[in-house]
Amino acid sequence: MGFRHNNVLHGNHFRKDWQSRVRTWFNQPGRKLRRRNARKTKAATLGVRPLAPLRPAVRGQTVRYNRKLREGRGFTLAELKEAGIGRKDARGVGIVVDHRRRNLSEEGKALNVQRLQAYKESLIVFPKNAKKPKKGDTTLPQGDDLTAPTTRGALPLPSPYEHEAPRKISGEEREFEAYKTLREARSLYRHEGKRKANAAKKEEEEAAKKK
């Protein structure tokens, strides 16, 4: 093998103790079985609890992802209040609470309140003491609720798209200039402060002239 140009010659070291530096993974099948058994044990100890806690449906950040719905961190205090669930009670029945999150739209708030109410309706709370059930517990063992079939799956997220039936485009829609309207609205918003300042200045000048 020849070398071209004025480059450094190779000094390959092939006699290093590489066997001691190689990481093997012969315990992979055993670890896999151990994790599976641990999951089974955990699921058995949880009983009929939901597999995952309930989280709100939120929009993704930025223009690129805001058309998608995903699970958020936790429900706001306003959403819990409207659904009639206490913040301390929520944590006990598998609802995650995020006191920092704020509702920025009525639609998003209504969606999560509806989600909470649907979860509340399907929830079965087993009393610790069947003879002395507490407030919020489901009916006693002779009732239908405790013998009804249960599901541990999470409440699915609603579809972010509202499907419309196909229709013809109207004349008004054809004449509407979307880009121009957006640019005008953006310009009005940007220069609103300057317009107000100019109007106030003009009023002051007119008031000074009258004096």
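As the structure is a computational prediction, the values presented were derived from the model and not from experiment.
Under a 3.5 Å cut-off, the side chain of R102 and the backbone N or O of H99 do form a donor-acceptor pair. Of the possible donor and acceptor atoms, one in the side chain of R21 sits under 3.5 Å from a partner among the backbone N and O of D17. At distances below 3.5 Å, not a single donor-acceptor pair connects side-chain atoms of S187 with backbone N or O atoms of R183. Without hydrogens or angle criteria, R31 side chain to F26 main chain gives no donor-acceptor distance under 3.5 Å. No donor-acceptor distance shorter than 3.5 angstrom exists from the side chain of R67 to the backbone of P160, with no hydrogens or angles considered. Looking at R101, its side chain does come within 3.5 Å of a backbone N or O of G74 through a donor-acceptor pair.
Around CD of Q114, the count of heavy atoms belonging to other residues, nucleotides or ligands within 6.0 Å does not exceed 12. Summarising the local packing, OH of Y189 is surrounded by 12 or fewer heavy atoms from other residues, nucleotides or ligands at distances under 6.0 Å. E173 CD: more than 12 foreign heavy atoms inside a 6.0 Å radius. Heavy atoms of other residues, nucleotides or ligands lying less than 6.0 angstrom from CD1 of I169 number 12 at most. Within 6.0 Å of atom CD in Q19, more than 12 heavy atoms from other residues, nucleotides or ligands are found, so the atom counts as buried in its surroundings.
Each of N112, V96, V93, I95 was evaluated against L54; a single residue qualifies, I95, per the side-chain contact (heavy atoms from CB on, under 4.5 Å) test.
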Using the side-chain contact (heavy atoms from CB on, under 4.5 Å) rule, take R35 and K32 through it: C-alpha gap first, then chi angles, then the decisive distance, then the call.
CA-CA 5 Å; R35 286 197 301 271; K32 184 179 178 181; 4.2 Å; yes

Does the pair L188 and R195 meet the rule for a side-chain contact (heavy atoms from CB on, under 4.5 Å), with working shown?
CA-CA 9 Å; L188 287 168; R195 278 202 317 277; 3.8 Å; yes

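Transitive grouping of hydrophobic side chains (ILVMFWY, heavy atoms separated by less than 4.5 Å) keeps Y119 and V113 in distinct clusters. Placement of F75 and V58 in two distinct hydrophobic clusters is found when ILVMFWY residues are connected by side-chain heavy-atom separations under 4.5 Å, directly or transitively.
We find the CG-CG distance between L116 and L123 to be 11.0 Å, quoted to the nearest 0.5 Å.
We find that K196 and E192 are joined by a salt bridge, their nearest charged nitrogen and carboxylate oxygen being less than 4.0 Å apart.
Apart from L111 itself, the hydrophobic cluster it occupies contains L69, where clustering links Ile, Leu, Val, Met, Phe, Trp and Tyr at side-chain heavy-atom distances under 4.5 Å.
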